[in-house]
Amino acid sequence: MNVTITARKFKARETLKDYIKDEVKSLLKYDDSIISAGVILSFQNSHDSIKKAEITLHIPGQTLVATEQTEEFTKSVTLAVNKLSSQLKTLKSKRKSRAK
C-alpha cells in the first residue's frame with residue numbers, strides 16, 4: 001500500500017509521519033486490497049490551534065474518506081483511522097451478504 005502524506009502550511013516531523021504510516025497500515029487487517037492512502041494534515045484556525053486530518057483510502061471500485069478535527073494531529077489521525085476501520089468492516093459485511 002502506498003501512503004502519501006501532505007502537510008499544508010507547515011512541515012511535518014518524521015515521528016509524526018511514521019506514526020501516520022503505522023496507523024494507516026493497520027487498516028490492512030480489515031481489507032488487504034487497499035491500493036493507496038492519502039493523508040492531508042492542516043491547521044483549521046491558527047489561533048484556536050485546531051488540527052485537521054483527512055484520510056482518503058483507495059480500494060478497488062471505491063474511495064473511502066474520513067475527516068477529524070482535534071487539538072493534536074495524532075488524535076485526529078487515530079480518530080479518522082477508527083472511522084475508516086468501521087467503514088471497511090461495513091463494506092466487508094455488505095460484500096459477504098451479497099456473495100450468499
Side-chain angles (χ1 to χ4, degrees):
M1 171 175 50
N2 185 20
V3 180
T4 56
I5 300 170
T6 306
R8 292 188 177 155
K9 299 181 183 176
F10 75 101
K11 178 107 170 91
R13 292 187 181 145
E14 241 3 86
T15 54
L16 179 61
K17 288 181 182 179
D18 291 339
Y19 177 79
I20 292 169
K21 287 179 184 175
D22 289 341
E23 284 287 311
V24 171
K25 288 189 181 197
S26 72
L27 292 171
L28 286 171
K29 65 184 172 191
Y30 301 109
D31 191 349
D32 58 351
S33 66
I34 299 171
I35 300 167
S36 66
V39 181
I40 300 172
L41 304 172
S42 61
F43 285 104
Q44 194 65 17
N45 297 327
S46 58
H47 57 86
D48 288 340
S49 175
I50 296 174
K51 295 168 180 74
K52 180 178 176 182
E54 180 179 333
I55 304 175
T56 307
L57 279 185
H58 300 283
I59 58 175
Q62 273 192 311
T63 302
L64 303 177
V65 179
T67 305
E68 274 297 330
Q69 297 177 357
T70 62
E71 61 278 349
E72 295 177 31
F73 281 120
T74 54
K75 274 187 187 177
S76 298
V77 169
T78 303
L79 292 172
V81 166
N82 289 342
K83 278 186 178 180
L84 286 170
S85 67
S86 66
Q87 288 180 28
L88 287 169
K89 287 177 191 174
T90 305
L91 190 66
K92 191 174 188 177
S93 67
K94 283 183 181 179
R95 284 181 186 162
K96 281 186 179 178
S97 65
R98 283 189 201 141
K100 288 182 180 178

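These numbers come from the heavy atoms of this one structure, side chains and all, not from hydrogens, waters or symmetry mates.
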Partners passing ring pair (Phe, Tyr, Trp, His ring centres under 6.0 Å) against Phe10 (at least two apart in sequence or in another chain): Phe43, Phe73

Nearest 0.5 Å, what's the [atom1]-[atom2] distance between [X] and [Y]?
X     : Y     : atom1 : atom2 : result
Asp22 : Ser26 : CG    : OG    : 8.5 Å
Leu91 : Ser86 : CG    : OG    : 11.0 Å
Gln69 : Lys51 : CD    : NZ    : 12.0 Å
Ser33 : Lys92 : OG    : NZ    : 9.5 Å
Thr4  : Ile20 : OG1   : CD1   : 10.5 Å
Gln87 : Leu27 : CD    : CG    : 10.0 Å

What about [X] and [Y], same hydrophobic cluster or not, with Ile/Leu/Val/Met/Phe/Trp/Tyr joined at side-chain heavy-atom distances under 4.5 Å?
X     : Y     : value
Leu16 : Val3  : yes
Leu28 : Val39 : yes
Ile5  : Ile34 : yes
Leu79 : Val24 : no
Met1  : Leu88 : yes

Val65 backbone acceptor or donor facing Thr56 side chain under 3.5 Å: no

Backbone of His58 reached by a side-chain donor or acceptor of Thr63 within 3.5 Å: no

Sequence neighbours excluded - salt bridge (Lys or Arg N to Asp or Glu O under 4.0 Å) pairs with any residue from residues 57-66: none

Identify the heavy atoms of [X] and [Y] that sit nearest to each other, and give their distance.
X     : Y     : value
Leu84 : Ala66 : CG-CB, 3.7 Å
Ser93 : Thr90 : OG-O, 2.8 Å
Ala53 : Leu41 : CB-CD2, 3.9 Å
Ile35 : Pro60 : CD1-N, 3.9 Å
Ser42 : Arg8  : CB-CB, 4.0 Å

Side chain to side chain contact (heavy atoms under 4.5 Å, CB included) partners of Glu14, counting only residues at least two apart: Lys17, Asp18

Salt bridge (charged side-chain N to carboxylate O under 4.0 Å, His left out) partners for Glu68, two or more places apart: Lys83

Gln62: side chain to side chain donor-acceptor pair (under 3.5 Å) partners, not counting sequence neighbours: none

Set of residues satisfying side chain to side chain donor-acceptor pair (under 3.5 Å) with respect to Thr78, sequence neighbours excluded: Tyr19

